[in-house]
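Worth saying up front: this structure is predicted, and the values here are computed from it rather than measured. In what follows, chains are A, B, ... by sequence order, proteins preceding strands, each numbered from 1.
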There are 2 protein chains.
Amino acid sequence: MTKKWTPASAADGVEQVLKILEGKWKLVILFHLFGGQVKRFSELEKAIPAITQKMLIQQLRQMEADGIVTRTIYHQVPPKVEYRLTDWGQELCPALDALLKWAENKQ
Amino acid sequence: MTKKWTPASAADGVEQVLKILEGKWKLVILFHLFGGQVKRFSELEKAIPAITQKMLIQQLRQMEADGIVTRTIYHQVPPKVEYRLTDWGQELCPALDALLKWAENKQ
DNA sequence: TCAAAAACTTACTTCAGAGTAAGTACCCTA
DNA sequence: TAGGGTACTTACTCTGAAGTAAGTTTTTGA
């Protein structure tokens, strides 16, 4: 059974999703982790040269709180922390693809 | 043929789409126009009580510039202006649906 | 002649998200 | 005992999107 949407409630639902994607750097991070990739903090830093440490952490923490990213800490010296997508996070891929396809279709 | 995406270029592509959706009121407006609906400025005002005239115009103008909304002026007094989605704008519906479905799937 | 209706404009203020730059904790090794 | 590597924190400033509130244009009808 499909939900009944009003313009307001549908807009609200999509807005919740956009909030998850909306940080300045979340999409780049996301696309670096798609396909089951696992990356250290420092690897993401190198992969996204323009990002600052503050921003990288901030975005990762929000993505973790939103349930699309997982954080794994290894208690070593120097420390090691790995980031990967949750299953749910991975499933964003086809949805974002739909947006890309739409954009390509501009008449 | 499918494009070759790097993390950066794919993120960039999606970002372009998000910019089209990202204004504070664009999604609500969009969902009020989906399905071929045609609305006057004043009808949108009434349908979205919290919006101000300034914001409504601003968002509509941006959506027009982005090519998802069409503006039709009737030279009457008092004036009449109608807004509707372009074909391309209509096609956003399934893509946004994919996002809604994804959101419902949260484990 | 003056109000009324619709669709805007304009000037000003507010605030959250982003950037800058520096500092912290931990332990190992030379 | 000093420096190096990794993963963060913190304090501050800056900017642009959004909100507020009032004004503008046009012609018709009382």
Side-chain angles (χ1 to χ4, degrees), chain A residues 8 11-12 14-30 32-33 37-66 68-85, chain B residues 8 11-12 14-30 32-33 37-66 68-85:
Chain A
D12 210 72
V14 177
E15 221 158 294
Q16 299 307 312
V17 176
L18 292 201
K19 263 187 207 146
I20 293 178
L21 305 174
E22 244 184 35
K24 177 81 183 295
W25 301 97
K26 294 205 188 131
L27 286 172
V28 207
I29 296 172
L30 207 53
H32 273 285
L33 297 178
Q37 289 180 83
V38 180
K39 302 248 168 162
R40 299 183 60 169
F41 183 85
S42 51
E43 289 178 306
L44 288 170
E45 254 191 290
K46 270 165 223 154
I48 312 170
I51 203 171
T52 63
Q53 294 188 318
K54 177 201 161 195
M55 277 297 115
L56 181 52
I57 271 275
Q58 191 180 95
Q59 307 287 294
L60 283 168
R61 289 283 156 84
Q62 287 176 19
M63 293 167 85
E64 201 193 350
D66 286 330
I68 61 177
V69 155
T70 293
R71 187 162 167 265
T72 315
I73 309 163
Y74 297 89
H75 293 284
Q76 314 171 343
V77 170
K80 176 178 170 179
V81 180
E82 284 181 345
Y83 294 91
R84 76 194 69 200
L85 294 182
Chain B
D12 211 71
V14 177
E15 222 159 291
Q16 298 309 311
V17 176
L18 292 201
K19 262 185 208 148
I20 293 178
L21 305 174
E22 245 184 34
K24 178 81 182 297
W25 301 97
K26 295 209 187 125
L27 286 171
V28 209
I29 296 171
L30 208 52
H32 273 284
L33 297 178
Q37 290 179 84
V38 180
K39 303 249 168 162
R40 299 183 60 169
F41 183 86
S42 51
E43 289 179 306
L44 287 170
E45 255 192 289
K46 269 166 222 153
I48 312 168
I51 203 171
T52 64
Q53 294 188 318
K54 176 200 160 194
M55 278 296 114
L56 181 51
I57 270 275
Q58 190 179 98
Q59 307 287 294
L60 283 169
R61 289 283 157 86
Q62 287 176 20
M63 293 166 87
E64 201 194 350
D66 287 330
I68 60 176
V69 155
T70 293
R71 188 163 166 263
T72 314
I73 310 163
Y74 297 89
H75 292 287
Q76 313 172 344
V77 169
K80 176 176 172 183
V81 180
E82 284 180 347
Y83 295 91
R84 77 193 68 200
L85 293 182

Interatomic distance, [X] [atom1] vs [N] [atom2] [rounded to whole Å]:
X       : N      : atom1 : atom2 : value
A/Gln76 : C/dC27 : CD    : P     : 13 Å
B/Ile29 : D/dA18 : CD1   : P     : 11 Å
A/Met55 : D/dT9  : CE    : C1'   : 13 Å
A/Gln59 : C/dG17 : CD    : P     : 10 Å
A/Lys54 : C/dG23 : NZ    : C1'   : 15 Å
A/Gln58 : D/dA11 : CD    : C1'   : 14 Å
A/Glu22 : C/dA16 : CD    : P     : 15 Å
A/Lys26 : C/dA18 : NZ    : C1'   : 13 Å

Query raised in the report: Sequence neighbours excluded, which residues qualify as side chain to side chain contact (heavy atoms under 4.5 Å, CB included) partners of A/Arg61?
Result: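 Here the qualifying residues are A/Ile57, A/Glu64, A/Arg71.
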
Query - Set of residues satisfying side chain to side chain contact (heavy atoms under 4.5 Å, CB included) with respect to A/Lys80, sequence neighbours excluded - result: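 Once residues adjacent in sequence are excluded, the partners of A/Lys80 under the side chain to side chain contact (heavy atoms under 4.5 Å, CB included) criterion are A/Arg40, A/Tyr74, A/Gln76, A/Glu82.
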
Query - Check: C/dG17 base within 3.5 Å donor-acceptor of A/Lys24 side chain - result: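 No.
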
Query raised in the report: Given D/dG19, is OP1 or OP2 found less than 4.0 Å from the side-chain N or O atoms of B/Trp25?
Result: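 It does, given that an N or O in the side chain of B/Trp25 lies less than 4.0 Å from OP1 or OP2 of D/dG19.
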
I want to check something: taking the side chain as every heavy atom from C-beta on, are [X] and [Y] in contact at a cut-off of under 4.5 Å?
X       : Y       : result
B/Leu18 : A/Leu27 : yes
A/Ile29 : A/Lys39 : no
B/Arg84 : B/Thr72 : yes

Report task. Would you sort out whether A/Thr70 and A/Leu85 count as a side chain to side chain contact (heavy atoms under 4.5 Å, CB included), showing the intermediate values? Result -> CA-CA 6 Å; A/Thr70 293; A/Leu85 294 182; over 6 Å; no

Below 3.5 Å between N/O atoms, which protein atoms pair up with nucleotides 3-7 of chain D? Just atom names and distances, please.
from: D/dT6; atom 1: O3'; to: A/Arg40; atom 2: NH2; distance (Å): 3.1
from: D/dT6; atom 1: O3'; to: A/Pro79; atom 2: O; distance (Å): 2.9
from: D/dA7; atom 1: OP1; to: A/Arg40; atom 2: NE; distance (Å): 3.1
from: D/dA7; atom 1: OP1; to: A/Arg40; atom 2: NH2; distance (Å): 3.1
from: D/dA7; atom 1: OP1; to: A/Val81; atom 2: N; distance (Å): 3.3
from: D/dA7; atom 1: OP2; to: A/Ser42; atom 2: N; distance (Å): 2.9
from: D/dA7; atom 1: OP2; to: A/Ser42; atom 2: OG; distance (Å): 2.9

